[in-house]
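Lettering follows sequence order; numbering is per chain, from 1.
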Amino acid sequence: MCYNIRVADIARKFYRREAAETELLNSIETLAGAAGIITGITRLVLPVLAAVVVLRCAVSMLSGKPEREVWGWLTLPKGTKIELENWENIVGRSASADARLDYRSVSRTHAALTRDPQGGWLVQDLRSKDGTAVRGRKIKGPTPVHSGDTVTFGGVSAVFTASTVRDEKAQAQARLKPGVRIRPGATLILLTEFILLLGIQYTAAAGEELEPAVPGAFLALIVLLWAVYAVTRGLHRTGFEVETLAFFLTSIGFGVCATSDPAALWKQLLCLVLGVGAYFFIGSYLRNLERAKVLRVPMAVIGIILLLVNLLTAKSVFGAKNWLQIGGISFQPSELVKICFIFTGAATLDRLFQRRNLLAFVAFAAACVLCLAAMSDFGTAAVFFAAYIVIAFMRSGSFATVLLSLAGTALGVFMVITARPYVLARFASWGHAWEDPQGGGFQQTRTMAAAASGGLFGLGGGNGRLHRVFAADTDMAFGIAAEELGLIVAVLAVLALLVLAVFAVRSAGHARSSFYAIAACASVTVLLTQLALNVFGSLDLLPFTGVTFPLISKGGSSMISVWGLLAFVKAADARQNASFAIALGRSGERKKRGGERE
Amino acid sequence: MRRIQRRAASVALLVLTIAGLLGLYILRFALHGGEWAGFPSNGDAFISGRIRAGTVVDRDGETLYSVRDGEGHWSEDLNTRLASLHLIGDGAGFVGSGALFNYAGEILGYDPINGLYSASGGGGTLTLSVDADAQRAAWEAMKGRSGAVVVADYVTGEILCSVSAPSFDPEDLSGADTDIQGLYMSRPLSAAYAPGSVFKLVTLAAAIENIDGLFDRDFYCSGSIEVGGGRVTCTGKHGDMKIEDALAKSCNCVFAQLALELGGETLQKYADQFGLTSRQEVDGLRTAAGRFDAAPEGSLDLAWSGAGQYNDLVNPIAMARYVCAIANRGDAPRLTQRKNASRLGVEYDHILSADTAEKISDIMDYAVRLTYGSENYPGLAIRAKSGTAEVGSGKPNAWFVGFLDDPEHPYAFAVCLEDAGFGSSQAGPVANAVLQALVK
């Protein structure tokens, strides 16, 4: 203390005021210089970390052939054994049947043979020509089958055998668990460094105007990341790539928010916590297929009610009437409806063959899209429509259905365009942004210019200026990321979502139920369509719409819904011990059920 | 499930589409990133219309503009600032042709790897092909008269001098008076003037290639000829002449006669071929287009159009480019305002046969010796043609175009002074002043 006072005295004596001021300026310059040096180094390191994180996840998720599982057998009279590799199997003459019986008396799609999580099996006739029988009795509805039962498909009899608990244990042990070859912990350490450096960049760039939310949110993000990892390990699951990629994207989104509206980071963080909560809740709920299946109708009702309430009461924000305000908190119901949409659209194999079910879904989807169009939220309408197309195709396999839907929609779009001049203007300026940079190309030209300013490595977090353009942190989020963090990181963000999508497609083929397969594919379709419309809309490669870049655009409702959607991807991940959304397998202590005869 | 698996591949289509679009964007980014970054509404490049960082220098490294401590500074010398205003631009965005907008990416130091990030904050350096000494010399010799001076290297295509008057001081915008006509316009780029007799270089090219025995023919000028109910007049009675004298003395009667013989369509074809009626490109900037209307056969208008009157208009840079082709055996280089832009090889447009080019060149040499006086251009191997273009009211526009037949100094020029008087006596000295500054 004493010493300090003496120093101050000396300073007062020897320094004139100007000198003191110069000193102050110098120290500020040193600070600014330090921020410059931090940016100078970290901007080169960030892309490397990001690339390694995405690559490690991609390799872990996509490398190697998915391992086969066998859950039962059909033994033909000649002794041929047909393996049942899925929980839901189509028996039929068709080449695409899971259990192929190439006999003339067997219909192309003859019957469905499905297993429940407890190991019980059901067989159901799929309106075959000659019918299906169990132990000689012709069946009508879904009928249980047990090991040793003779099942007759048309004129062909086969003996059914279910795998035993011991078989399944042996099988589970033989399968490779994810996270062995590429350790998620190491990837997480790299991601932690990435987030840490991001936090340092944005903190340093803010200088004296630093909001405590900036370092706070990045630190909280790291804590949450490791907490989620700890929970996953606690559940004895080793797959963590989906979460890693999601946290990677979220951290870039935090950066976008830190530069445009740092005070809003607390809200983003809160919504992230809610989103992660939704992720675990939905994922755990999906673990039980029976439970998930019954949600279909309630979810459809909730979805429609949300949209109708929205349509009738919401206020118009920036041209689209898709905001709802309750008790001072504004949110976008259409974001939550996405989850309802997936629940409603997904279906188990036995339901796929009932036309009535598909028609009900078509009506529901049409209602959703029309509601959104009535709110003038054409971007979100397009997102729902894309998800509808994928669901309809996966359920029906019919190109006719898809083409018919597309033709009908093209007509609708044409009518909307001609009726609404501002939508027409959007389409007219598409691809010609540079010809009208102060009009129809306003956002796109600025996005491209800012992205170019960033080069490959960016100007450094917090050093960009695109965020000053109205709504840039949602509609031009790719531009902000490219401007401040560089093209490499921005492209890696796009690639991260593409990796998730390819992973979902791969998982779909090995999911325990077509319900999970369809839900996962529809979820990534929602994410990809948003990504495409946001990124390429702002880069003038698609018409400009106001949809969000998943996890990167600022926005609370979107943050929650995207994490919710990711739960569906997780539920399709049938790799051994990978996903918390899939039960680990039957334990020996469980009560024996009908299907088992040890 | 196998079916579902196959159908799931439909999502892969979406993945491929996105990957394709991403690839397309990266390609565009690589090709156009510099232009995008230099977009005047880019906040990373400009702050309320002023460029954030960087330096512009002339071909010898003399600073014409630089940003220091966030403030833009032009040259210290007033005449340099005035002479180069339209080339560099002002900070307020009045002048659209300036390098500060059009080469912003380069000035800011854009490169596709680092974008506009520069660790030192100093931006980049744009080296223009112009010579500041020549700029000053041109400005001083113009003595306040409006007009354009263009000098280009006819081998490399580099523009060595580009001055537009009137001008104002970018350091003191009080001079940026909107009442002065065309103050913000770069006349070399954006003006189109009546060419008068310099257009005879076009008519001559057409005549050499289309009229047999042109060089053996005897012409006679009685001071005027009657055409289609009107009269084409000469400045004097030139008497008996060969074609060389007709150009050197700039005889309207002879060129009227040639135009009538060639016809409007043929003349138009040559004007088009020489790029005089279309917009020329200089590093992406486009010049004004000139004009040539094919008048009816036998008409007075046709006669005058061959002598550069009637509706004829030419742009100074386009004219200089045509002179480059005459000097360079018919090859006009792509013009540029950036030094060493042609490192990777100069692109030429062959717009004139080498033989015709040489014949015209020789006659221009003869014209200097006979009419303009080599002594007025000491030490310069100059070949030229003057023009005195009537423009309705007021004094005529004075033109002087030509080139140095000197491999050390391969310079082609076009000077046009508005409302100035005779071409050789008014524009000639300006050309001389600039060329002297350049060969020094």
Side-chain angles (χ1 to χ4, degrees), chain A residues 36 40 43 85-90 96-98 349 386 389-390 393-394 397 437-438 445-446 448-460 464-466 468-469 483 486-487 491 494 498 501-502 504-505 508-511 514 517-518 521 524-525 528-529 531-532 535-536 539 541-542, chain B residues 1-48 52-53 69 101 104-105 108-121 123 284:
Chain A
R43 68 191 275 277
E85 295 178 21
N86 304 296
W87 284 18
E88 294 178 353
N89 303 279
I90 298 284
S96 65
D98 298 301
L349 196 61
I389 289 287
V390 166
F393 181 69
M394 287 186 74
Q438 307 306 339
T445 50
R446 275 149 191 79
M448 284 185 261
S453 303
L456 297 186
F457 296 97
L459 299 173
R465 296 176 182 90
L466 180 63
R468 295 179 192 166
V469 176
E483 179 189 34
L487 183 71
V491 165
V494 175
L498 293 187
V502 175
V505 171
H510 307 276
S514 62
I518 293 172
C521 286
V524 294
T525 301
L528 288 190
T529 313
L531 158 85
V535 174
F536 302 119
L539 297 176
L541 293 172
L542 289 177
Chain B
M1 282 307 286
R2 200 172 292 168
R3 278 182 203 174
I4 296 291
Q5 189 176 356
R6 287 184 188 174
R7 292 170 191 171
S10 59
V11 177
L13 271 179
L14 199 52
V15 172
L16 288 178
T17 308
I18 291 173
L21 286 171
L22 193 63
L24 179 61
Y25 167 68
I26 293 172
L27 185 71
R28 283 192 182 186
F29 177 91
L31 292 177
H32 303 296
E35 294 160 45
W36 293 352
F39 174 47
S41 296
N42 181 9
D44 296 322
F46 292 89
I47 173 161
S48 50
R52 282 183 182 274
D69 306 327
F101 280 146
L108 288 154
Y110 174 85
D111 73 85
I113 310 289
N114 284 305
L116 295 183
Y117 177 84
S118 79
S120 65

From the list A:Gly455, A:Ala451, A:Gly486, the residue making the most non-hydrogen contacts under 4.5 Å with chain B is A:Gly455
Counting only non-hydrogen atoms closer than 4.5 Å, does A:Gln438 touch chain B with its backbone (N, CA, C, O), its side chain (CB onward), both, or neither? side chain
Name the option with the most non-hydrogen atom pairs under 4.5 Å to chain B; the candidates are A:Gly460, A:Ala449, A:Gly40. A:Ala449
Side chain, backbone, both or neither: which part of A:Val494 has an atom under 4.5 Å from a heavy atom of chain B? side chain
When only pairs under 4.5 Å are counted, which of B:Ala45, B:Ser41, B:Gly33 shares the most heavy-atom pairs with chain A? B:Ser41
Identify the two heavy atoms, one from B:Ala37 and one from A:Ala452, that lie closest to each other, and give their separation to 0.1 Å. N-CB, 3.8 Å
Gap separating the CD1 atom of A:Ile518 from the CD1 atom of B:Ile4, nearest 0.5 angstrom: 4.5 Å
Side chain, backbone, both or neither: which part of A:Phe457 has an atom under 4.5 Å from a heavy atom of chain B? both
Under 4.5 Å, counting heavy-atom pairs only, tell me which of A:Asn89, A:Ile90, A:Thr445, A:Asp98 racks up the most with chain B. A:Asp98
Scan A:Leu541, A:Val535, A:Leu539 and name whichever one has a side chain to side chain contact (heavy atoms under 4.5 Å, CB included) with B:Leu21. A:Leu541
Out of curiosity, A:Leu456 CG to B:Tyr117 OH, how far, rounded to the nearest 0.5 Å? 14.0 Å
Heavy-atom side-chain contact between A:Ser453 and B:Asn42 under 4.5 Å: yes
Quick check on the interface: out of A:Leu487, A:Val502, A:Val524, who has the most heavy-atom pairs with chain B under 4.5 Å? A:Leu487
Show the nearest heavy-atom pair for residues A:Arg465 and B:Gly43, with the distance to one decimal. CD-O, 3.1 Å
Value for CG (B:Leu14) from CD1 (A:Ile389), rounded to nearest 0.5 Å, stands at 11.5 Å
Heavy atoms only: give me the nearest B:Asp44-A:Ala450 pair and the separation to one decimal. OD2-CA, 4.0 Å
Out of curiosity, A:Met448 CE to B:His32 NE2, how far, rounded to the nearest 0.5 Å? 10.0 Å
Measure A:Ala97 against the heavy atoms of chain B and call it side chain, backbone, both or neither at under 4.5 Å. backbone
B:Tyr110 versus chain A, heavy atoms under 4.5 Å apart: side chain, backbone, both or neither? side chain
First locate atom CD1 of B:Ile18, then atom CG of A:Leu498, and finally report the distance between them rounded to the nearest 0.5 Å. 5.5 Å
Closest contact, heavy atoms only, A:Val505 versus B:Ala12: CG2-N, 4.3 Å
Evaluate the side-chain proximity of A:His510 to B:Gln5: yes if any heavy-atom separation is below 4.5 Å, no if none is. yes
B:Leu13 portion near chain A, given a 4.5 angstrom heavy-atom threshold: neither
